[in-house]
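In what follows, a single structure is set out as structure tokens and then discussed.
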There are 2 protein chains.
Amino acid sequence: MNFQERKQKILDLVEKEGSVDVKRLALHLDISEITIRRDLAILSEKGMIYRTHGGAMKLSLAHDPISFVQKSAVNADKKDYICQLAAKGIQEGDVIFMDCGSTVFRLCPFIRNMRIKVVTNSLPVMSQLLGSAVSVNFVGGEIDPERQAAHGIIATEHIRRYRANKAFLGVDGISLANGLSAASEKEAEITLSMSANSHETFLLCDSGKFEKDRYFPFAPLSLAQTLITDQEADAEIIESYKKAGLKVVK
Amino acid sequence: MNFQERKQKILDLVEKEGSVDVKRLALHLDISEITIRRDLAILSEKGMIYRTHGGAMKLSLAHDPISFVQKSAVNADKKDYICQLAAKGIQEGDVIFMDCGSTVFRLCPFIRNMRIKVVTNSLPVMSQLLGSAVSVNFVGGEIDPERQAAHGIIATEHIRRYRANKAFLGVDGISLANGLSAASEKEAEITLSMSANSHETFLLCDSGKFEKDRYFPFAPLSLAQTLITDQEADAEIIESYKKAGLKVVK
DNA sequence: TTAAAAATGATTAATTTTGAACAAAATTAT
DNA sequence: ATAATTTTGTTCAAAATTAATCATTTTTAA
């Protein structure tokens, strides 16, 4: 295995994983650590990776959205389960909306290899899907650094310019009495416009949010056609949502 | 087995496997290693394969895609000098356009602490400015993964919605005869609309691009009011640009 | 046929790459 | 803050690869 081949593998791994460490590379490529270090030194010299203590990182956009990745790790299992179900509802050629929720974000790995168009206002989603088979359309507007997403008049106008088959949206709360609720007006606005401009709306919502109302109730349950949730969801509550007209997948 | 036959087999193998090594080729083609080396030297001389230590590999695998950050590091000194000058032209409260050129990208560190609004179609620029004092407005649209930026109808429409004091734009070529030229139609479109919607247009252009024409000439010199360049710029050329109406800063 | 030219192989020296050992620097834990 | 650990840089030696030189074989052409 010569330098060129190692270089390929290292770069691939850095691209795929976001970061690598010397030990694992040495083991994986079956070569000494000192050589890996030399390789990394060359690659970072060329500006192709960012050298860290003990390894290297992807440079470019990787920095900021990483913080989001960690946040989305709360209830990761449930969210992944939900996303895996959601991905089954997507076909090649689809045009889909994805909002800036942390559950929706976890849909990315499941759709990277699909030839679909994604319209999103979420920076982390875009970052995850760039360079994949997915064609990404980012919703423009003022960027909220905290939410890592675009919101506002221009963003909703942008969304209105497009027509999607499916919208995959997160909500912060859902209840029979007050419908869907969000933690901020801004997010609600995006949810509404994405839903309005897509043929079918999927709600990605873990069971922990059932019968919880958040700061800003903004829509009836009927905004969505399908609710995708996890297996711990209470049967009785599900039944009541079904009666309200939602198709529930779990 | 003569050279022509070996050449064919070597090329086939390189194509199929991606990479080959001298030892195996010598064994496989039943010929000495030195001959294989000579063959590889000829093939690589002709640019048909990439010679590595101990073997050879496919050109496409050996050549690595230059990342944006890496590209921006070419002529970094000149670019930084230009950007430092450009930053002096920015005041608190300004609304500025920044395009997706690699020179413009390097303006980011100089403006991070300014309370201004930046409208940009460049992902790296946005990434650099997020979390700083700058308020970032990202131009939406289809994201070109290679250029790391948004282009197209929706992007230009988005730009038209805003009015900026100043536009900081890169060009790929500039000449007295043919004006400004770009490497792609898409980039030219963005440059034009940013310039049209800002009060003053600054061209950030290192002297290496003077009197060079690129693929797509798209505007006369008069599109910009000010040209910011480096100190190595030829005095005579500068004089001619000044006569054409440009204010030149260096 | 026979000399000249070209291609190949063998040997050896030079170069490049890799690995090992250890001190210096940086990071982490106490 | 201090000690322990990890990571890194440096130096040197070993191994692998290549380049150079020259002899041998094969091909070419008069």
Side-chain angles (χ1 to χ4, degrees), chain A residues 1-60 62-64 66-67 69-71 73, chain B residues 1-64 66-67 69-70 73 76 131:
Chain A
M1 169 107 54
N2 59 32
F3 171 64
Q4 288 299 326
E5 289 179 56
R6 292 198 305 271
K7 176 173 115 184
Q8 282 301 129
K9 299 208 174 186
I10 292 172
L11 288 177
D12 280 356
L13 217 66
V14 167
E15 179 62 32
K16 210 174 65 181
E17 308 275 329
S19 68
V20 293
D21 68 283
V22 174
K23 284 235 164 70
R24 239 172 282 176
L25 279 176
L27 208 71
H28 188 249
L29 301 182
D30 192 32
I31 203 151
S32 76
E33 294 185 16
I34 181 70
T35 301
I36 294 293
R37 286 201 196 93
R38 281 196 267 245
D39 290 351
L40 294 182
I42 292 169
L43 293 177
S44 102
E45 188 84 19
K46 287 196 201 166
M48 308 182 74
I49 56 174
Y50 176 76
R51 186 75 163 87
T52 62
H53 234 65
M57 279 180 63
K58 183 174 158 186
L59 56 88
S60 74
H63 304 288
D64 313 35
I66 283 280
S67 61
V69 174
Q70 264 136 23
K71 185 184 161 194
Chain B
M1 168 114 47
N2 61 26
F3 172 62
Q4 288 304 323
E5 285 180 66
R6 290 199 307 273
K7 170 177 147 183
Q8 204 47 53
K9 296 207 176 190
I10 291 172
L11 289 177
D12 282 354
L13 216 66
V14 166
E15 181 61 34
K16 209 174 67 181
E17 305 277 328
S19 66
V20 293
D21 69 284
V22 174
K23 285 234 165 70
R24 239 172 282 176
L25 280 175
L27 207 72
H28 187 248
L29 302 181
D30 192 32
I31 203 154
S32 76
E33 293 185 16
I34 181 69
T35 301
I36 293 293
R37 284 200 196 94
R38 282 197 265 246
D39 290 351
L40 295 182
I42 292 168
L43 292 175
S44 105
E45 189 77 24
K46 286 192 193 167
M48 307 179 78
I49 57 174
Y50 179 86
R51 186 75 163 88
T52 64
H53 219 73
M57 63 195 300
K58 243 167 111 168
L59 281 173
S60 60
L61 288 177
H63 132 12
D64 28 50
I66 23 155
S67 77
V69 178
Q70 200 183 350

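Lettering of chains follows the sequences in order, A, B, ..., and the numbering in each one begins at 1. As a basis for the values below, the full set of heavy atoms in this structure was taken, side chains included, without hydrogen atoms, waters or symmetry mates.
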Point to revise | A:F3 CZ - C:dT18 P separation (whole Å) | key: 9 Å

**Study point:** Spatial distance of atom CD1 (A:I34) from atom CG (A:D39) [nearest 0.5 Å]
**Key:** 10.0 Å

Point to revise | Sidechain N-carboxylate O distance under 4.0 Å for A:R37, A:E33 | key: yes

Review point. Between B:T35 and C:dT8, is there a side-chain N or O to OP1/OP2 distance below 4.0 Å?
Key: no

**Study point:** DNA chain C: 5'-proximal contact among B:S32 and B:H53 (nearest heavy atom)
**Key:** B:S32

Study note, to complete from the structure: From CD of A:E33 across to C1' of D:dT7 the rounded distance in Å is 9 Å

Point to revise | Given B:T35, B:L13, B:I31, the one that forms side chain to side chain contact (heavy atoms under 4.5 Å, CB included) with B:L25 | key: B:L13

Check your understanding: Rounded to whole angstroms, how far apart are CD on B:Q4 and P on C:dT8?
Key -> 11 Å

Exercise for review: Please determine if a side-chain N or O atom of B:R38 lies less than 4.0 Å away from the OP1 or OP2 oxygen of C:dG9.
Suggested key: no

Check your understanding: To the nearest angstrom, how far is A:D30 atom CG from C:dG19 atom P?
Key -> 9 Å

Practice item. Check whether any side-chain N or O of B:K23 sits under 4.0 Å from OP1 or OP2 of D:dT17, and answer yes or no. Key: yes

Review point. Could you give the CD1-to-C1' distance, from B:I34 to C:dA13, as a whole number of Å?
Key: 13 Å

Review point. In whole Å, what is the span from the CD1 atom of B:I36 to the P atom of C:dA7?
Key: 15 Å

Exercise for review: Could you tell me the separation between the CG atom of A:D21 and the P atom of D:dT6, rounded to a whole number of Å?
Suggested key: 13 Å

Review point. Got A:I42 and A:K7 here, is their nearest side-chain heavy-atom distance under 4.5 Å?
Key: no

Review point. Side-chain contact, heavy-atom cut-off 4.5 Å: B:S19 with A:Q4?
Key: no

Exercise for review: Answer yes or no: does a side-chain N or O of A:R37 lie under 4.0 Å from OP1 or OP2 of D:dT6?
Suggested key: no

Check your understanding: Does OP1 or OP2 of D:dT8 have a side-chain N or O of A:R51 closer than 4.0 Å?
Key -> yes

Check your understanding: What integer distance in Å separates B:L40:CG from D:dA19:P?
Key -> 10 Å

